[in-house]
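Notes for the one structure printed next.
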There are 2 protein chains.
Amino acid sequence: MGIAINTPQNSKAKKSREDILNASAALFSQHGYKGTALRDIAATLGMKAGSLYYHFASKEELVLEILTIGLRNIIDTVVRDVEALPKDASLKKVLVTAAKAHLFALLEKGDYTSTSIRYYGQMPPGVQKEGRILRDKYEDMWRIWLQRAQDAGDIKPSINLKVLRLSLLGSLNQTLAWYKKGDLTIDEIAESQIDIYWDGVVSHK
Amino acid sequence: MGIAINTPQNSKAKKSREDILNASAALFSQHGYKGTALRDIAATLGMKAGSLYYHFASKEELVLEILTIGLRNIIDTVVRDVEALPKDASLKKVLVTAAKAHLFALLEKGDYTSTSIRYYGQMPPGVQKEGRILRDKYEDMWRIWLQRAQDAGDIKPSINLKVLRLSLLGSLNQTLAWYKKGDLTIDEIAESQIDIYWDGVVSHK
DNA sequence: GTCTATAAGGCGATAGAC
DNA sequence: GTCTATCGCCTTATAGAC
């Protein structure tokens with residue numbers, strides 16, 4: 001069939017590797033990095049802890065791959081959806097689209113992305129350092145959109161953009177804590193949140 | 001001096017106990033429950049791990065006390081400030097006051113409260129169960145204030161109060177991640193955030 | 001009250017059989 | 001590729017000296 005033997009291209013090894021990543025992401029997203037033992041991950045797949053080392057050199061390498069997949073996923077999803085907008089789309093439309101894509105990435109490939117976002121601060125220093133670039137890249141995207149909206153006069157000059165950006169992302173990420181129990185769709189939640197931020201909650205009677 | 005010997009009323013034991021709680025809260029708030037070893041806590045105080053057991057029966061008991069103190073602190077602070085308002089205070093004033101008090105508790109006695117809020121989900125099941133009552137009590141306070149504001153017509157009927165409440169608390173709690181680096185005061189941050197939620201960010205030109 | 005010493009078990013990681 | 005077996009270290013917790 002070819003020259004690739006015992007590499008991730010090999011179909012059996014590739015499937016095992018992906019199974020391990022999926023199981024790890026699920027456990028990490030529930031119990032955090034320190035709270036998840038390699039024994040637990042292996043047990044989920046009916047395997048033994050030692051077997052994981054055929055696919056990954058260390059627990060750090062495993063979680064680093066999950067972090068990278070999670071961050072790439074949210075960046076790619078948000079960039080793709082925003083770039084698909086017509087050139088003359090309103091800045092509010094950009095923010096709604098970005099918020100929807102953010103929530104979609106968080107709740108769709110959720111185990112990877114939620115691990116990356118919720119437990120980043122608890123990962124080993126080396127892993128944090130490697131993820132820093134992607135994290136900063138994503139924050140910068142929001143920083144630029146909001147700055148553009150304020151420069152264009154769509155956002156009031158009195159609004160502190162740093163507070164706004166951190167509040168907005170905090171709100172979106174907080175959704176992780178209650179989405180599964182709720183009955184609202186991702187689109188409804190994203191639209192609700194941006195509506196609140198855009199027009200406020202006050203009644204003008 | 002009296003009958004109290006070898007109890008928390010004893011001044012030396014009481015001080016050690018408080019030192020241990022303070023050191024533990026500081027480490028837990030940085031590294032989480034599983035990420036903090038009793039050795040690390042003891043080392044901070046120039047002690048040995050075994051000595052902690054004179055004051056606490058287990059690591060679980062220690063973190064439960066931190067959780068309880070943290071939650072009581074935020075509830076007491078918020079209730080006190082809101083109740084001090086004049087009876088005819090506007091509902092916006094109530095929310096601004098509550099937000100300020102929430103941030104104050106989070107950043108003042110921050111190690112206890114931030115441990116309670118950020119790492120609640122990673123604590124042992126028994127500890128989570130004991131903290132549940134206080135957590136629910138606090139969430140209910142916000143639920144009631146927001147419901148009252150909507151019933152009175154101050155918040156638009158179209159606003160989903162569940163989304164609003166979780167977004168708002170998510171925003172406030174997110175402040176923990178960036179407050180220390182910033183130059184804004186607690187009052188400024190709280191006022192900024194409530195202003196955003198109340199009037200929105202859109203410019204009416 | 002805090003120490004030393006240690007028990008009992010969990011952890012990440014490795015070596016070699018299959 | 002996965003297993004068994006094990007190493008060395010770390011963890012919580014206990015017992016008894018001081």
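Remember, it's a predicted structure, so these values are computed and weren't measured experimentally. Letters A, B, ... are given to chains in the order of the sequence lines, protein chains preceding strands, and every chain is numbered from 1. Quick note: numbers below take in every heavy atom, side chains included, and nothing from hydrogens, waters or symmetry partners.
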From [atom1] of [X] over to [atom2] of [N], roughly how many Å is that when rounded to an integer?
{"X": "A:Tyr53", "N": "D:dC7", "atom1": "OH", "atom2": "C1'", "result": "13 Å"}
{"X": "B:Lys59", "N": "D:dT11", "atom1": "NZ", "atom2": "P", "result": "9 Å"}
{"X": "B:Lys34", "N": "D:dC10", "atom1": "NZ", "atom2": "P", "result": "18 Å"}
{"X": "A:Arg17", "N": "D:dT2", "atom1": "CZ", "atom2": "P", "result": "13 Å"}
{"X": "A:Ile20", "N": "C:dG12", "atom1": "CD1", "atom2": "P", "result": "14 Å"}
{"X": "B:Leu27", "N": "D:dT11", "atom1": "CG", "atom2": "P", "result": "12 Å"}
{"X": "A:Ile41", "N": "C:dA13", "atom1": "CD1", "atom2": "P", "result": "11 Å"}
{"X": "B:Tyr33", "N": "D:dT11", "atom1": "OH", "atom2": "C1'", "result": "11 Å"}

_Any heavy-atom pair between the side chains of A:Leu166 and B:Thr175 that's under 4.5 Å?_
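B:Thr175 does not reach A:Leu166 side chain to side chain.
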_Pick the closest DNA chain C nucleotide for A:Ala57 and for A:Ala37 by heavy atoms, then say which residue is nearer the 5' end._
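The residue mapped nearer the 5' terminus is A:Ala37.
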*Does any N or O donor sit under 3.5 Å from an N or O acceptor when you compare the side chain of A:Arg39 with the base of C:dG10?*
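No, no donor-acceptor pair under 3.5 Å.
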*Evaluate whether atom CD of A:Glu130 has more than 12 neighbouring non-hydrogen atoms of other residues, nucleotides or ligands under 6.0 angstrom away.*
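Result for CD/A:Glu130: open.
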Using only side-chain N and O atoms of [X], determine if any of them is under 4.0 Å from OP1 or OP2 of [N].
{"X": "B:Lys48", "N": "C:dC3", "answer": "no"}
{"X": "B:Ser51", "N": "C:dC3", "answer": "yes"}
{"X": "A:Ser16", "N": "D:dG1", "answer": "no"}

*Under the 3.5 angstrom rule, does the side chain of B:Tyr112 hit a backbone N or O of B:Thr68 as a donor-acceptor pair?*
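Absent.
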_Nearest to the side chain of A:Met47, heavy atoms from C-beta on, is which of C:dG1, D:dT2, C:dA13?_
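Looking only at side-chain atoms, A:Met47 lies closest to D:dT2.
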*asked:* Between A:Asp140 and A:Arg143, does any side-chain N to carboxylate O distance fall below 4.0 Å?
replied: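 Yes, charged N to carboxylate O under 4.0 Å.
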_Cation-pi check for B:Phe28 against B:Lys34: NZ or CZ below 6.0 Å from the six-membered ring centre and within 45 degrees of the axis, yes or no?_
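Judged by the rule (NZ or CZ under 6.0 Å from the ring centre, within 45° of its axis), B:Lys34 is not positioned above B:Phe28.
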